[in-house]
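Chain A is the first sequence line, chain B the second, and so forth, proteins listed ahead of strands; every chain is numbered from 1. Just so you know, these numbers use all the heavy atoms, side chains as well, and skip hydrogens, waters and symmetry mates.
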There are 2 protein chains.
Amino acid sequence: MQGYDKHAYDKHAYEPFAVTVDLAVFTIRDGALHVLLVERGQEPYAGRWALPGGFVLPDESAESAAQRELAEETGLADVTGLHLEQVRTYSEPDRDPRMRVVSVAFAALVADPPEARGGGDAARAAWLPYGPGAHRPLAFDHDRILADAHHRIGAKLEYTSLATAFCAPEFTLGELRGVYEAVWGAELDPANFRRKVVGTPGLVEAIPGAARLTGGRGKPAALFRAGTATALHPPLLRPASEGRSA
Amino acid sequence: MQGYDKHAYDKHAYEPFAVTVDLAVFTIRDGALHVLLVERGQEPYAGRWALPGGFVLPDESAESAAQRELAEETGLADVTGLHLEQVRTYSEPDRDPRMRVVSVAFAALVADPPEARGGGDAARAAWLPYGPGAHRPLAFDHDRILADAHHRIGAKLEYTSLATAFCAPEFTLGELRGVYEAVWGAELDPANFRRKVVGTPGLVEAIPGAARLTGGRGKPAALFRAGTATALHPPLLRPASEGRSA
DNA sequence: GCAAAAGTGTTAATAGTACACCCATGT
DNA sequence: ACATGGGTGTACTATTAACACTTTTGC
């Protein structure tokens, strides 16, 4: 606390910091993980894709700012209830060439978002497939932010019920499994997945009516709703791959 | 990015934010988890305990500021190599009654710290036992920050090799087990713990020499060093208690 | 019929739990 | 001797992983 007291909060004792939020908004499309990106119209990084975001206003928290931006950028009317979670804060002094910007990064999960429209500005917005694909490199340090957000989401799938946040209110277990597979980039055994999910109390609850849904070909699947549990015990671990230190 | 471009980075378009770091520094003492706290000498919250922290300077990142504060507050000469990790950022507009302060919280783990000395100021500093004990309530929103930091540490013990960061370079498995027990507040079976730890590749490595250490009474214990692995597969789950949703 | 996805069954391997028991040391 | 913590053994249970097989749909 020395720092606090020594300078007695002179508002201009230090160079002011701008505080912004950056959003990594994920969704599943056609079985693949997609992320919402905007195209920058101005320097620096003109023409590059970037994460949506904006300033934190004087009377709101970073969480409020993130929620406001999420509504604006996705075009969703009601954004409450969506999963929105802080990832971490990026504060390297030179991360923005123009001035000192400290950015609080959030990860958001959306099911079935509307098509991306550019913001009011000239900037384009689009849902692009996540991965080492066409959109890199992103502006600023957004590649790193996006990777951190993805890493966090992947980890939380293991030990929380987060996956249901990617799904519509009613979903099949095949769809839920698709979430895990899209985020982890790994295939799961459908039989074992079903047993694990159904056998974890509070993860999902079956919709009792003969309600069934045809997902195209194959046998109709039973519908489920998200359950009340948030933590999974034991966790649903992703298949071990060479990449993970034992 | 609309927000960025619209205002063209006028440094004074918005009320300036102060950016600070707050540190939850943990250690194990006499088998119990302790936290480093400082006593506030001034209003607001004069006389209350608070987390150590301070301003982020114009040319440093939050990580650098946290490292600098950690060295100052603990009195440790070399703070590199210590575990220091961002927890989250607290930005509610009214969290500090004097002005708008956005604080990036860190959790730090220290083995065998020197006695706490007050900072240069009148403020006292002390290692206090963690828990719903004598030090609450803390100043500002520090109770919540501390709880969040503790929750994060506890969770990371399950699936990372973090526990070794609480230990000296050479440690016995009893000491390592003590870390888990102190952070989780639960007892672990020594036999099963040993098998799990030794059987997880890369978690710890035995120091081959007949090196042994007497921890007082009982059979001398073999010494171990931290291994190279950072992730644990499968994780070392804490014993299930009623509090956790199945 | 055939492909595809849902859903059930079965089995072997792996991992976790709960102990009993011996070992080496200080007092 | 005995209390204390280190360390090994072992039987039991729970969970995971792999894969065969049946069911119900669209084409």
What heavy-atom pair brings B/Glu73 and B/Val38 nearest, and what distance separates the two atoms?
OE1-CG1, 3.8 Å
Between [X] ([atom1]) and [N] ([atom2]), how many Å, whole number?
X        : N      : atom1 : atom2 : result
B/Leu188 : C/dG16 : CG    : C1'   : 12 Å
A/Arg194 : D/dT23 : CZ    : P     : 16 Å
A/Glu158 : D/dT16 : CD    : C1'   : 14 Å
A/Leu237 : C/dA15 : CG    : P     : 11 Å
A/Glu187 : D/dA18 : CD    : P     : 13 Å
B/Phe193 : D/dG7  : CZ    : P     : 12 Å
A/Leu232 : D/dA14 : CG    : C1'   : 16 Å
B/Glu175 : D/dG5  : CD    : P     : 13 Å

Is the base of C/dG9 touched by the side chain of A/Arg195 through a donor-acceptor pair closer than 3.5 angstrom?
yes
Any N or O donor-acceptor pair under 3.5 Å from the base of D/dG6 to the side chain of B/Arg177?
no
Any chance you could lay out the side-chain contact (heavy atoms from CB on, under 4.5 Å) test for B/Leu188 and B/Asn192, step after step, and finish with the verdict?
CA-CA 8 Å; B/Leu188 301 179; B/Asn192 296 333; over 6 Å; no
Partners passing ring pair (Phe, Tyr, Trp, His ring centres under 6.0 Å) against B/His83 (at least two apart in sequence or in another chain):
none
Can you see whether B/Tyr90 engages B/Asp22 through a side-chain donor-acceptor pair at a distance of less than 3.5 angstrom?
no
Rounded distance [0.5 Å steps], OG1 in B/Thr27 versus CG in B/Leu36
9.5 Å
So, is A/Arg217 near the phosphate of D/dT25, with a side-chain N or O under 4.0 Å from OP1 or OP2?
no
Under the side-chain contact (heavy atoms from CB on, under 4.5 Å) test, which residues partner A/Thr80, sequence neighbours left out?
A/Gln67, A/Asp78
In terms of side-chain heavy atoms of [X], which of [options] is nearest?
X        : options                : answer
A/Ala222 : C/dG7, D/dA17, C/dA18  : C/dG7
B/Ala191 : C/dA20, D/dG6, D/dA17  : C/dA20
B/Asp189 : C/dC19, C/dG16, D/dG6  : C/dC19
B/Pro234 : C/dA6, C/dC19, C/dG16  : C/dG16
B/Pro220 : C/dA24, C/dC19, D/dT24 : C/dA24
A/Lys196 : D/dC19, D/dT16, D/dG26 : D/dT16
A/Lys219 : D/dT24, D/dT8, D/dG5   : D/dT24

Please report how far the helix from C/dG1-D/dC27 to C/dT27-D/dA1 bends, comparing the axis fitted to its first five pairs with the axis fitted to its last five, to the nearest 10 degrees.
0°
Would A/Leu33 and A/Ile28 count as a side-chain contact (heavy atoms from CB on, under 4.5 Å) here? Give the steps.
CA-CA 5 Å; A/Leu33 188 64; A/Ile28 310 282; 4.0 Å; yes
Are A/Glu158 and A/Lys196 within salt-bridge range, i.e. N to O under 4.0 Å?
no
Note: for B/Phe224 and A/Asn192 on DNA chain D, the residue whose nearest nucleotide lies more 5' is B/Phe224
